[in-house]
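Since this is a predicted model, take the numbers as computed values, not measurements.
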Amino acid sequence: HRDLFEERRGYIEQAAALHIPDCFVRTIEHQGRLHPLPSWRQRIAIMEAQRQQHVIIGFEPGLGKTFIPVWLYQLLAEQRLAENQGKGRMLYIGPKIVMSELPNRIRPGSVQGIAGHSYYVSDDLAPTVGVITDGLDAAEIEERMNAEVVFCPYTMLNVVKDDIAISDRL
């Protein structure tokens, strides 16, 4: 039992020591309460995303899935900039209702709608945001799937375009 305890303790210590870029706020308000950003579950998810190429993040709605790919993108962008490369790209696939609000969490005012909370301390530190509202053909989907970070909510993994599920494209 001692070995298992030490292994878990080391894992939690790694999660606590994860780099949180200065560009992020440290708390967000959700449903009238202040929450730390990142949460423990987000820290664990980032550790797993860094360890593995593909990760399924299965939190319930409203428990912080959206921030994880944004954080991962920012970590990779910092690493790429340190290596004199461009920031890279992130693709976030989501249903229309999510995409009508998500960009404002990254860069408030990006899309018309509710501003809500933003993950970034200021717009100057946030990446540019674009939203594709029309359907894409198979070639366009394949091209966009080459981003450094691709996030697809688990509710959309079985969405089919041109007879191929999104999960098969990842």
Side-chain angles (χ1 to χ4, degrees), residues 3-83 87-108 110 116-121 125-131 141 144-159 165-170:
D3 290 344
L4 178 60
F5 175 78
E6 290 300 323
E7 178 188 326
R8 293 294 88 196
R9 186 174 91 181
Y11 191 78
I12 297 298
E13 287 172 351
Q14 283 179 320
L18 279 173
H19 171 62
I20 304 164
D22 293 335
C23 61
F24 292 132
V25 297
R26 294 299 186 255
T27 60
I28 58 169
E29 187 175 333
H30 180 66
Q31 298 178 346
R33 293 181 54 204
L34 266 163
H35 299 273
L37 188 71
S39 68
W40 279 104
R41 81 173 55 87
Q42 290 167 328
R43 289 172 180 272
I44 299 300
I46 283 291
M47 283 180 47
E48 291 306 311
Q50 289 176 325
R51 241 175 25 105
Q52 305 173 48
Q53 187 174 6
H54 297 96
V55 178
I56 294 179
I57 302 166
F59 308 160
E60 293 296 318
L63 294 181
K65 293 181 297 294
T66 304
F67 178 67
I68 294 163
V70 175
W71 184 10
L72 185 59
Y73 165 79
Q74 197 65 45
L75 291 173
L76 292 172
E78 286 182 0
Q79 180 181 343
R80 291 174 57 85
L81 288 173
E83 296 168 357
K87 283 186 171 183
R89 300 179 305 159
M90 179 177 96
L91 174 65
Y92 190 112
I93 302 167
K96 195 171 192 174
I97 191 150
V98 170
M99 299 314 290
S100 67
E101 184 264 337
L102 171 69
N104 286 331
R105 293 189 198 179
I106 296 169
R107 189 178 281 272
S110 297
H117 59 266
S118 175
Y119 300 130
Y120 287 87
V121 173
L125 300 173
T128 57
V129 175
V131 178
I141 292 171
R144 285 171 175 80
M145 289 291 193
N146 289 326
E148 282 79 12
V149 177
V150 176
F151 181 79
C152 176
Y154 59 85
T155 55
M156 294 194 65
L157 287 174
N158 289 322
V159 171
I166 287 179
S167 59
D168 292 335
R169 296 180 189 277
L170 293 175

>> Show the nearest heavy-atom pair for residues Trp71 and His19, with the distance to one decimal.
In response: NE1-O, 3.1 Å
>> Return the OG1 to CD1 distance between Thr66 and Ile57, rounded to the nearest 0.5 Å.
In response: 9.5 Å
> Does Arg8 count as lying over the ring of Tyr11, i.e. NZ or CZ under 6.0 Å from the six-ring centre, within 45 degrees of the axis?
Replying inline: yes
>> Checking Phe24 against Val70 for the side chain to side chain contact (heavy atoms under 4.5 Å, CB included) test, could you report, in this order, the C-alpha distance in whole Å, the side-chain angles of both residues, the deciding distance, and whether it holds?
In response: CA-CA 10 Å; Phe24 292 132; Val70 175; 4.0 Å; yes
> Mind checking what makes side-chain contact (heavy atoms from CB on, under 4.5 Å) contact with Asp22, not counting sequence neighbours?
Replying inline: Arg26
> Shortest non-hydrogen contact from Gly64 to Phe59?
Replying inline: C-CD1, 4.0 Å
> Got a sec, which residues hit salt bridge (Lys or Arg N to Asp or Glu O under 4.0 Å) with Glu7, two or more places apart in sequence or on another chain?
Replying inline: none
> How long is the gap from CG on Leu76 to CG on Leu81, to the nearest 0.5 Å?
Replying inline: 11.0 Å
>> Does anything in residues 37-46 form a salt bridge (Lys or Arg N to Asp or Glu O under 4.0 Å)? List the pairs, not counting sequence neighbours.
In response: none
>> Is it the case that the side chain of Thr27 and the backbone of Pro36 share a donor-acceptor pair, with hydrogens and angles ignored and the cut-off at 3.5 Å?
In response: no
> Could you give all pairs that pass the salt bridge (Lys or Arg N to Asp or Glu O under 4.0 Å) test and reach residues 61-82, with sequence neighbours left out?
Replying inline: Arg80-Glu148
> Excluding sequence neighbours, so at least two apart, what forms salt bridge (Lys or Arg N to Asp or Glu O under 4.0 Å) with Glu29?
Replying inline: none
> If every non-hydrogen atom of Ser118 is compared with every non-hydrogen atom of Ile28, which pair is closest and at what distance?
Replying inline: O-CG2, 4.4 Å
> What pairs with Arg51 under salt bridge (Lys or Arg N to Asp or Glu O under 4.0 Å), at least two apart in sequence or on another chain?
Replying inline: Glu48
>> Tell me every residue that passes ring pair (Phe, Tyr, Trp, His ring centres under 6.0 Å) with Tyr119, counting only those two or more places apart in sequence or in another chain.
In response: Phe67, His117
> Excluding sequence neighbours, so at least two apart, what forms side-chain contact (heavy atoms from CB on, under 4.5 Å) with Glu83?
Replying inline: Gln79, Gln85
> Who passes side-chain contact (heavy atoms from CB on, under 4.5 Å) against Gln50, sequence neighbours left out?
Replying inline: Leu18, Ile46, Leu72, Leu75
>> Please enumerate all residues that pass side-chain hydrogen bond (donor to acceptor under 3.5 Å, both in side chains) together with Ser39, with sequence neighbours excluded.
In response: Gln42
> Who are the side-chain contact (heavy atoms from CB on, under 4.5 Å) partners of Arg33, not counting sequence neighbours?
Replying inline: His35
